[in-house]
Amino acid sequence: MSAGPENLSPTARGAMLYDASRCGQPDERLFERDHWRARGALEEASGGRGTVAFVREGGRRWVLRHYRRGGLVARLLGDHYLWTGAGCTRAFREWRLLQELHAAGLSVPAPVAARYQRRGLFYRADLITEELPTRLTLAQALQRGSLDAATWRAVGACVGLLHRRGVHHADLNAHNLLLGAGGRVYVLDFDRGRIRARGAWEQAVLERLHRSLRKVSAGLPDGRFDDACWQTLLAGMEDA
């Protein structure tokens, strides 16, 4: 499988990066929620920072994401990031990484288009990806009930495949892993992700995922997530 062509178009305040095979010749309205809302094609997502929405119109099944900071810095900068060049923008970096990973056959969203809008020393950014065939996160699945060993092994195999290819996910957690039909596991949100030489960072990623699973399972019935589940996940990484 090969990556689609990368197209770059300037805009009044920045630029768009896109794959014409997925969106044709786009204009900036594709990134505007009001455009899709007026067409009755927008579904707002709840939770998080309110940065994600879904487009469902004709053959389009897209996810719109506006980059917004979290934590204390969000009070100061909100959705603004320091400008260090087009290739360093959050949207362009994630689009290019997703294009590479999707072309390699990994279970990640296909990138459609990305844009940045620059204003002085700062910029704002947006990303459009194709919607995956499931929205069921690992966290949601644990809320519903216990997962069998095959599912935990599949989660581990998915993570193991990323690491085997040197893909460093910057925030791997129970909300960024989706469970699909036939035991397939998908990975979301590669903001700040990168490909790098294998090393100690892999253990740090696993520790972050472990903390997330412990957090989302706190207060749930016994057995939803325990050491046996974690060890099965780790064993599944060897299947990658």
Side-chain angles (χ1 to χ4, degrees), residues 3-71 73-83 86-99 102 107-137 139-140 171 175-176 178 180 186-192:
E6 178 179 303
N7 301 275
L8 184 66
S9 292
T11 64
R13 291 190 291 162
M16 296 185 297
L17 186 67
Y18 62 95
D19 182 345
S21 69
R22 296 186 177 117
C23 63
Q25 177 66 45
D27 62 51
E28 289 198 89
R29 290 180 301 170
L30 294 187
F31 299 94
E32 304 298 337
R33 295 190 186 194
D34 287 344
H35 167 73
W36 299 110
R37 187 178 292 112
R39 299 166 69 95
L42 187 74
E43 176 188 344
E44 301 280 3
S46 59
R49 302 174 201 159
T51 60
V52 174
F54 298 89
V55 169
R56 303 183 71 84
E57 180 188 63
R60 294 186 174 99
R61 297 291 185 272
W62 291 349
V63 180
L64 311 183
R65 186 164 109 238
H66 181 65
Y67 288 81
R68 184 176 296 277
R69 294 180 178 275
V73 72
R75 298 181 181 179
L76 294 175
L77 297 177
D79 62 352
H80 288 71
Y81 297 85
L82 183 65
W83 174 259
C88 296
T89 58
R90 303 286 274 261
F92 278 22
R93 290 182 65 180
E94 186 169 0
W95 190 97
R96 285 172 170 144
L97 179 59
L98 284 175
Q99 186 80 320
H102 190 268
S107 297
V108 303
V112 176
R115 78 163 174 180
Y116 69 84
Q117 296 175 305
R118 185 182 177 187
R119 191 168 192 177
L121 295 176
F122 296 94
Y123 73 92
R124 304 168 72 238
D126 302 274
L127 179 71
I128 302 175
T129 57
E130 291 184 354
E131 185 179 355
L132 292 168
T134 178
R135 296 187 191 176
L136 178 64
T137 69
Q140 291 169 337
D171 187 24
H175 302 282
N176 289 334
L178 271 58
Y186 301 87
V187 190
L188 295 176
D189 191 1
F190 283 85
D191 182 26
R192 298 180 293 113

Decide, yes or no, whether a salt bridge links R65 with E94 under the criterion of side-chain N to carboxylate O below 4.0 Å.
-> yes
Under the side chain to side chain contact (heavy atoms under 4.5 Å, CB included) rule, what do E6 and R96 come out as? Steps first, then yes or no, please.
-> CA-CA 9 Å; E6 178 179 303; R96 285 172 170 144; 2.8 Å; yes
Out of curiosity, T11 OG1 to Y116 OH, how far, rounded to the nearest 0.5 Å?
-> 7.0 Å
Heavy-atom pair of closest approach, residues W36 and L30 | NE1-O, 2.9 Å
Value for CG (L42) from CG (L64), rounded to nearest 0.5 Å, stands at 6.5 Å
Of all the heavy-atom pairs spanning G120 and W83, show the shortest one and how long it is.
-> O-CB, 4.4 Å
Going from CD1 on I128 to CG on L17, what distance comes out if it is rounded to the nearest 0.5 angstrom?
-> 11.5 Å
Is the side chain of R22 donor-acceptor paired with the backbone N or O of P111 at a distance under 3.5 Å, no angle test?
-> yes
For the pair W95 and D19, evaluate side chain to side chain contact (heavy atoms under 4.5 Å, CB included) and give the outcome as yes or no after the intermediate values.
-> CA-CA 10 Å; W95 190 97; D19 182 345; 3.9 Å; yes
What's the shortest heavy-atom distance between G24 and Y18, and which atoms?
-> O-CE1, 3.5 Å
Is the backbone N or O of A125 less than 3.5 Å from a side-chain atom of H66, with the two atoms forming a donor-acceptor pair by type?
-> yes
Got a second to check how far R124's CZ is from D79's CG, nearest 0.5 Å?
-> 4.0 Å
Pick out which of R115, R33, Q117, R90 makes a side chain to side chain donor-acceptor pair (under 3.5 Å) with D126.
-> R115
Apply side chain to side chain contact (heavy atoms under 4.5 Å, CB included) to the pair E131 and R56, showing each step before the final yes or no.
-> CA-CA 9 Å; E131 185 179 355; R56 303 183 71 84; 2.7 Å; yes
Rounded to the nearest 0.5 Å, the CZ atom of R29 sits from the CG atom of D34 at a distance of 13.0 Å
Distance-minimising heavy-atom pair for Y186 and G180 = CE1-CA, 4.1 Å
Which atom of A15 lies closest to which atom of L8, heavy atoms considered | CB-CD1, 4.1 Å
For R69 and H80, indicate whether the former's side chain and the latter's backbone hold a donor-acceptor pair under 3.5 Å.
-> yes
Count the heavy atoms belonging to other residues, nucleotides or ligands that lie under 6.0 Å from CZ of R37, then report whether that count exceeds 12.
-> yes
CZ of F122 to CG of L82: how many Å apart, nearest 0.5 Å?
-> 6.0 Å
Quick one: closest heavy-atom pair of P109 and T129, and the distance?
-> CB-CB, 3.8 Å
Let me know which of T137, V63, D171, L132 forms a side-chain contact (heavy atoms from CB on, under 4.5 Å) with L188.
-> L132
Only one of Y67, F92, Y81 passes ring pair (Phe, Tyr, Trp, His ring centres under 6.0 Å) with Y123, and that residue is Y81
Verdict with supporting geometry, R118 and T89, side chain to side chain contact (heavy atoms under 4.5 Å, CB included) | CA-CA 10 Å; R118 185 182 177 187; T89 58; over 6 Å; no
